[in-house]
Engineer: 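I'd like to ask some things about the structure below.
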Amino acid sequence: MAPSLAFAWGADGHWLIAAEAQQLLTPAARAEVDRLLALEPGATLASISTWADETRSPGTASWHYVNFPRDAGCAYEAPRDCPGDACVVGAIARQEAVLTSTAADAEKLVALKYLVHFVGDVHQPLHAGYADDKGGNVPGEV
């Protein structure tokens, strides 16, 4: 028997989180999300939830996870675990800042796409864990 890959989170996990989030939006948040999603007719939070993986680059790869030292017990310390805000926690804060800024709507839509994805990532157990777990990715993948 050969082991098979388990895509326990992947696109389905992101889609489910985003679909649930869309149901829980306040009326004001729903209006703003709908306004931004109108820039891509037919888009929903679920349909944009994997965009950050589809457009991932070496420059954005570290935005999808945060690593802790094994002896830290998953106790987050920003200077140690997210130097230069180059982790999922820093990425969430940056995208949230764009959404609450006076940025152009196109820029806010990109921030929304990142934010929806990164909130899913930070809840993926191996994307907030130890570096040697490689984020639960297949060896050789980023």
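Values below: all heavy atoms of this structure, side chains included; hydrogens, waters and symmetry mates excluded.
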Engineer: Using atom types as modelled and distance alone, determine if a side-chain donor or acceptor of Thr50 lies under 3.5 Å from a backbone N or O of Ala11.
Structural biologist: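 Absent.
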
Engineer: In terms of hydrophobic clustering (I, L, V, M, F, W, Y; side-chain heavy atoms under 4.5 Å; direct or indirect links), are Val116 and Val122 co-clustered?
Structural biologist: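 Shared cluster, yes.
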
Engineer: Taking the side chain from Gln124 and the backbone from Leu126, do they hold a donor-acceptor pair closer than 3.5 Å?
Structural biologist: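 Yes, Gln124 side chain to Leu126 backbone: donor-acceptor pair under 3.5 Å.
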
Engineer: Between atom CG of Leu115 and atom NZ of Lys108, what is the distance when rounded to the nearest 0.5 Å?
Structural biologist: 13.0 Å

Engineer: Any ring pair (Phe, Tyr, Trp, His ring centres under 6.0 Å) pairs touching residues 96-117, not counting sequence neighbours?
Structural biologist: His14-His117, Trp51-Tyr114, Trp63-Tyr114, His64-His117, Tyr114-Phe118

Engineer: Calculate, to the nearest 0.5 Å, the distance between atoms CG and SG belonging to Asp121 and Cys87 respectively.
Structural biologist: 11.5 Å

Engineer: My understanding is that only residues two or more places apart in sequence, or in another chain, count here; which of them pass salt bridge (charged side-chain N to carboxylate O under 4.0 Å, His left out) with Glu96?
Structural biologist: none

Engineer: Do any side-chain atoms of residues 21-29 form donor-acceptor pairs under 3.5 angstrom with protein atoms, and if so which ones, sequence neighbours left out?
Structural biologist:
from	atom 1	to	atom 2	distance (Å)
Gln22	OE1	Leu45	N	3.0
Thr26	OG1	Ala29	N	3.1

Engineer: One pair to check against side-chain contact (heavy atoms from CB on, under 4.5 Å): Val88 and His127. What are the steps and the verdict?
Structural biologist: CA-CA 9 Å; Val88 70; His127 277 28; over 6 Å; no

Engineer: OG/Ser49 to CD/Glu54 distance, rounded to the nearest 0.5 angstrom?
Structural biologist: 8.5 Å

Engineer: Tell me whether Leu99 shares a hydrophobic cluster with Ile48, the cluster being built from Ile, Leu, Val, Met, Phe, Trp, Tyr side chains joined at under 4.5 Å.
Structural biologist: yes

Engineer: Just so I know, are the side chains of Lys113 and Leu109 near enough to count as touching, which here means a heavy-atom distance under 4.5 Å?
Structural biologist: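 They are in contact (side-chain heavy atoms under 4.5 Å apart), so the answer is yes.
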
Engineer: From Glu32 CD over to Leu37 CG, what is the distance, rounded to the nearest 0.5 angstrom?
Structural biologist: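 Going from CD on Glu32 over to CG on Leu37, the span is 10.0 Å.
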
Engineer: Supply the atom-to-atom distance Arg30 CZ to Arg35 CZ, rounded to the nearest 0.5 angstrom.
Structural biologist: 16.0 Å

Engineer: Which heavy-atom pair separates Ser47 from Gly42 by the least distance, and what is that distance?
Structural biologist: OG-O, 4.5 Å

Engineer: Decide yes or no for Pro69 and Asp81: does some side-chain heavy atom of the first lie under 4.5 Å from some side-chain heavy atom of the second?
Structural biologist: yes

Engineer: Nearest 0.5 Å, please: how far is CD in Glu77 from CZ in Phe68?
Structural biologist: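 Reported to 0.5 Å precision, the distance equals 10.0 Å.
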
Engineer: Considering non-hydrogen atoms only, spot the tightest contact between Ala86 and Cys82 and give its length.
Structural biologist: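 Nearest heavy atoms, Ala86 then Cys82: N-SG, 3.7 Å.
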
Engineer: Answer yes or no: is there a donor N or O on one side and an acceptor on the other, between the side chain of His123 and the main chain of Val119, under 3.5 Å?
Structural biologist: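 Here the side-chain-to-backbone pair exists.
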
